Amino acid sequence: MEPAAVILSGGPASVYAEDAPSMDPAIFDLGLPILGFCYGEQIMAATLGGSVAHTEKGEYGPATLTRHGESQLLEGTPSDEQTVWMSHRDAVDRLPEGFTLTASTETCPIAAYENPERRLFATQFHPEVNHTAYGQTMLSNFLFKICGLEPNWTMDNLIEAKVAEIREHIGSDKVILALSGGVDSAVTAALVHRAVGDQLTCVFVNHGMLRKGEPESVEQVFAHEFDIPLVHVHAEERYARLLAGVTDPEKKRRIIGREFWKVFFEEAQKLDGVKYLAQGTIYPDIIESGARKTGGKASTIKSHHNLIPFPEGVRFDLVEPLDHFFKDEVRALGSALGLPDSMVYRQPFPGPGLAIRIIGEITDEKLTTLKDADFIVREELDAYNQRLFEQTGKRNSEHACWQYFAVLPSIRSVGVMGDERTYGHTIILRAVESTDAMTADWAKLPYDVLSKISSRVVSEVEGINRVVYDITPKPPATIEWE
């Protein structure tokens with residue numbers, strides 16, 4: 001392969017577990033620059049003669065890093081304190097011979113170390129995520145100063161390569177795509193349509209769990225504005241029957257995923273000559289689902305609708321042009337393809353939709369309640385983000401919300417409305433800052449914005465008497481509740 005460098009990534013395993021990923025020690029003798037982070041830092045230490053221990057206290061989310069002495073990797077970052085993103089319970093407790101400690105946190109005494117002579121570098125924290133404040137500086141130091149690589153990659157080059165790849169792969173055959181209206185499937189549709197034109201047909205399965213006004217918006221944008229052939233399948237009643245009485249979140253996901261494929265392939269078989277199925281699967285979907293594409297070593301956090309196997313007897317070949325993209329890269333690709341900002345910067349929405357934002361059984365009443373509350377949340381935070389954009393000129397300004405929605409838990413609480421006792425539902429507000437969905441921090445919303453959301457939800461949505469705000473980062477939480 002003749003690599004210029006090697007990066008050892010993070011992962012959920014413990015280096016001393018029986019099934020833990022291991023590596024050939026000879027890799028460290030190739031003379032290549034190597035950067036390890038999280039599990040990569042630990043496997044480097046364990047392989048080269050250091051040791052890793054299980055700590056009494058885990059470290060998840062933001063942590064304050066303190067530098068120690070000179071460091072090629074950390075050059076250009078604050079010499080006193082900086083914020084990094086942690087996710088671990090194990091940590092290196094003894095350095096291999098020849099290595100120097102370069103940084104620590106209160107919980108993790110060995111948070112970064114290096115051997116510049118051998119060009120080996122390691123961090124317990126994640127430099128690749130947006131919430132590590134100087135992570136991009138560290139990666140630039142490694143790639144361009146230490147490894148001597150050149151920053152000559154562009155999105156336009158990627159589009160040309162992807163279009164040529166899709167066109168060669170599909171040829172003159174027909175392809176279908178499951179369109180949800182979200183960023184991933186929209187960018188996939190635009191990319192595939194650029195490559196093969198009207199050989200593409202989009203199928204939109206409406207399971208009734210979409211946000212208020214969403215089905216109408218999907219049809220307007222794709223069928224009318226982009227003139228892409230679109231089949232709109234109304235399956236609301238079908239899903240309602242299957243989900244009646246179901247409370248387990250993974251069972252909800254499995255039912256929705258299985259039924260989606262049944263409905264989708266029923267429509268697909270009505271189309272003549274279709275050979276390919278295009279999907280908007282992105283890399284976080286694969287990682288969080290523990291799929292084989294990661295080498296089988298990723299812990300399954302939740303099942304994902306894009307990764308359900310084909311039904312028996314189906315013979316479509318798969319096209320997944322975004323399966324190695326993170327969400328921020330998908331947005332950049334969408335902008336380069338000419339998609340409107342309203343679509344490119346549309347917040348993520350899970351395939352199972354509101355089914356996993358209703359904790360417990362799904363009913364028509366709960367769906368209506370959540371749709372109405374969620375509409376208010378989105379309306380107010382859309383306006384808040386727009387104000388920030390006008391002030392800063394940036395879509396992803398420091399304090400902007402990346403994803404925001406309402407959750408309806410299966411609890412009630414006592415309240416007072418109109419001098420009368422109420423026993424109503426609670427709405428949970430979730431708003432986070434992120435760029436790639438792999439990590440997220442809770443949005444530090446102004447009090448007046450929170451107050452207005454709470455006041456409107458309680459006043460305008462029947463049956464709601466309390467609004468609470470979730471301030472947990474990812475990790476340890478996920479962005480969604482289920």
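Quantities reported herein were computed from a predicted structural model and do not represent experimental measurements. Counting from 1, the numbers follow the sequence of the chain as shown.
Minimum heavy-atom separation, Leu408 to Ile464: CD1-CD1, 4.3 Å. Closest of all the heavy-atom pairs between Met86 and Ala63 is CG-CB, 3.9 Å. When all heavy atoms of Ile359 and Ser410 are compared, the closest pair comes out as O-CB, 3.2 Å. Among all heavy-atom pairs drawn from Ile256 and Tyr239, the shortest one is O-OH, 3.4 Å. Contact detail for Ile428 and Pro409: the closest heavy-atom pair is CD1-CG, 3.7 Å. Heavy atoms only, all atoms of each residue included: Val344 and Ser335 are closest at CG1-OG, 3.4 Å.
Between Phe264 and Trp261, the ring planes are perpendicular. Angles over 60° get that label, and only those under 30° would be called parallel.
One N or O on the side chain of Thr188 and one on the backbone of Asp184 form a donor-acceptor pair closer than 3.5 Å. A distance-only check finds no donor-acceptor pair linking the side chain of Arg430 to the backbone of Phe405 [under 3.5 Å]. Between the side chain of Ser185 and the backbone N or O of Gly280 there is no donor-acceptor pair closer than 3.5 Å. With Thr439 contributing its side chain and Val129 its backbone, the two residues share no donor-acceptor pair below 3.5 Å. Here the side chain of Tyr276 pairs a donor or acceptor atom with the backbone of His169 at under 3.5 angstrom. Judged by distance alone, with hydrogens and angles left aside, the side-chain atoms of Thr123 form a donor-acceptor pair with the main-chain N or O of Phe125 at under 3.5 Å. Under the 3.5 Å distance criterion, the side-chain polar atoms of Lys162 are matched with a main-chain donor or acceptor of Pro321. In this structure, Lys252 contributes its side chain and Gly360 its backbone to a donor-acceptor pair below 3.5 Å. No donor-acceptor distance shorter than 3.5 angstrom exists from the side chain of Ser451 to the backbone of Tyr447, with no hydrogens or angles considered. No side-chain donor-acceptor contact under 3.5 Å links His126 to the backbone of Glu128.
In the displayed structure, Glu236 atom CD is contacted under 6.0 Å by more than 12 heavy atoms of other residues, nucleotides or ligands. Annotation for Tyr60: atom OH counts as buried by contact number, over 12 foreign heavy atoms lying within 6.0 Å. Within 6.0 Å of CG on Asp448 lie more than 12 heavy atoms contributed by other residues, nucleotides or ligands. Residue-environment remark: CH2 (Trp481) stays at or below the threshold of 12 foreign heavy atoms within 6.0 Å. The number of heavy-atom neighbours closer than 6.0 Å to CD of Glu168, taken from other residues, nucleotides and ligands shown, is 12 or below.
Residues Glu267 and Leu271 have side chains not in contact (no heavy-atom distance under 4.5 Å, counting atoms from C-beta outward). The closest side-chain heavy-atom distance from Pro352 to Phe260 is not below 4.5 Å. Contact check for Ile255 versus Val246: side-chain heavy atoms found under the 4.5 Å cut-off. Within the 4.5 Å cutoff, no side-chain heavy atoms of Glu216 are placed close to those of Gln220. Within the 4.5 Å cutoff, side-chain heavy atoms of Asp198 are placed close to those of Pro229. Looking at heavy atoms from C-beta onward, Leu381 lies in side-chain contact with Ile453 at the 4.5 angstrom threshold. Under the 4.5 Å side-chain criterion, counting only non-hydrogen atoms from C-beta, Asp470 is not in contact with Leu429.
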*Go through Leu243 and Met209 one step at a time and tell me if the side-chain contact (heavy atoms from CB on, under 4.5 Å) criterion holds.*
CA-CA 11 Å; Leu243 291 168; Met209 308 294 161; 3.4 Å; yes
*With side-chain contact (heavy atoms from CB on, under 4.5 Å) as the test, would you mind laying out the steps for Cys401 and Tyr384 before giving the verdict?*
CA-CA 9 Å; Cys401 296; Tyr384 169 69; 4.1 Å; yes
*Asp173 and Gln199: CA distance, side-chain angles, deciding distance, side-chain hydrogen bond (donor to acceptor under 3.5 Å, both in side chains) verdict*: CA-CA 7 Å; Asp173 292 302; Gln199 292 169 233; over 6 Å; no
_Derivation of the side-chain contact (heavy atoms from CB on, under 4.5 Å) call for Val187 and Leu337_ = CA-CA 8 Å; Val187 172; Leu337 285 167; 4.1 Å; yes
*Run the numbers on Arg253 and Lys251 for side-chain contact (heavy atoms from CB on, under 4.5 Å), then give the verdict.*
CA-CA 5 Å; Arg253 287 180 180 272; Lys251 190 173 181 180; over 6 Å; no
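The closest side-chain donor-acceptor pair between Trp85 and Asp441, if any, does not fall under 3.5 angstrom. Side chain to side chain, Asn385 and Tyr345 fail the donor-acceptor criterion of an N or O pair below 3.5 Å. With 3.5 Å as the limit, one finds no donor-acceptor pair spanning the side chains of Thr154 and Asp156. Side chains of Gln82 and Thr77: a donor on one and an acceptor on the other come within 3.5 Å. Side-chain N/O atoms of Thr105 and Glu59 include a donor and acceptor closer than 3.5 Å. Judged purely by distance below 3.5 Å, without hydrogens or angles, the side chains of Gln403 and Glu433 never pair a donor atom with an acceptor atom.
Under the 4.0 Å criterion applied to side-chain N and carboxylate O atoms, Arg387 and Glu390 are not assigned as salt-bridge partners. By the 4.0 Å N-to-carboxylate-O rule, Glu266 lies close enough to Arg238 to be salt-bridged with it. For the pair Glu482 and Arg357, the salt-bridge criterion is not met [side-chain N within less than 4.0 Å of a carboxylate O]. For Lys366 and Glu361, the salt-bridge test fails: no basic side-chain N is under 4.0 Å from an acidic carboxylate O.
Ring to ring, Phe265 and Phe316 are close: their centroids are under 6.0 angstrom apart.
Interatomic distance, Leu158 CG to Leu333 CG, rounded to the nearest 0.5 Å: 6.5 Å. Between the CG atom in Leu74 and the CZ atom in Phe121 there is a gap of 9.5 Å [rounded to 0.5 Å]. If you take NE2 on His193 and OG1 on Thr201, they are separated by 9.5 Å, rounding to the nearest 0.5 Å. Taken to the nearest 0.5 Å, the OG atom of Ser87 stands 12.0 Å off from the CZ atom of Phe37. Distance check: Leu322 CG to Lys327 NZ gives 9.5 Å after rounding to the nearest 0.5 Å. Once rounded to the nearest 0.5 Å, the distance linking CG of Leu367 with NZ of Lys212 reads 13.0 Å.
Of the candidates Val233, Leu177, Leu179, Val203 forms a side-chain contact (heavy atoms from CB on, under 4.5 Å) with just one, namely Val233. Tested against Val457, the residues Thr369, Asp374, Ile376 include a single side-chain contact (heavy atoms from CB on, under 4.5 Å) partner, Ile376.
Phe349 carries Arg211 over the face of its six-membered ring, with the cationic atom under 6.0 Å from the centre and within 45° of the normal.
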List the atom pairs, with distances to 0.1 Å, where a side-chain N or O of residues 138-149 and a protein N or O form a donor-acceptor pair under 3.5 Å, not counting sequence neighbours.
{"residue": "Ser140", "atom": "OG", "partner": "Gln136", "partner atom": "O", "Å": "2.9"}
{"residue": "Asn141", "atom": "ND2", "partner": "Leu73", "partner atom": "O", "Å": "2.9"}
{"residue": "Asn141", "atom": "ND2", "partner": "Glu75", "partner atom": "O", "Å": "2.7"}
{"residue": "Asn141", "atom": "ND2", "partner": "Thr137", "partner atom": "O", "Å": "3.4"}

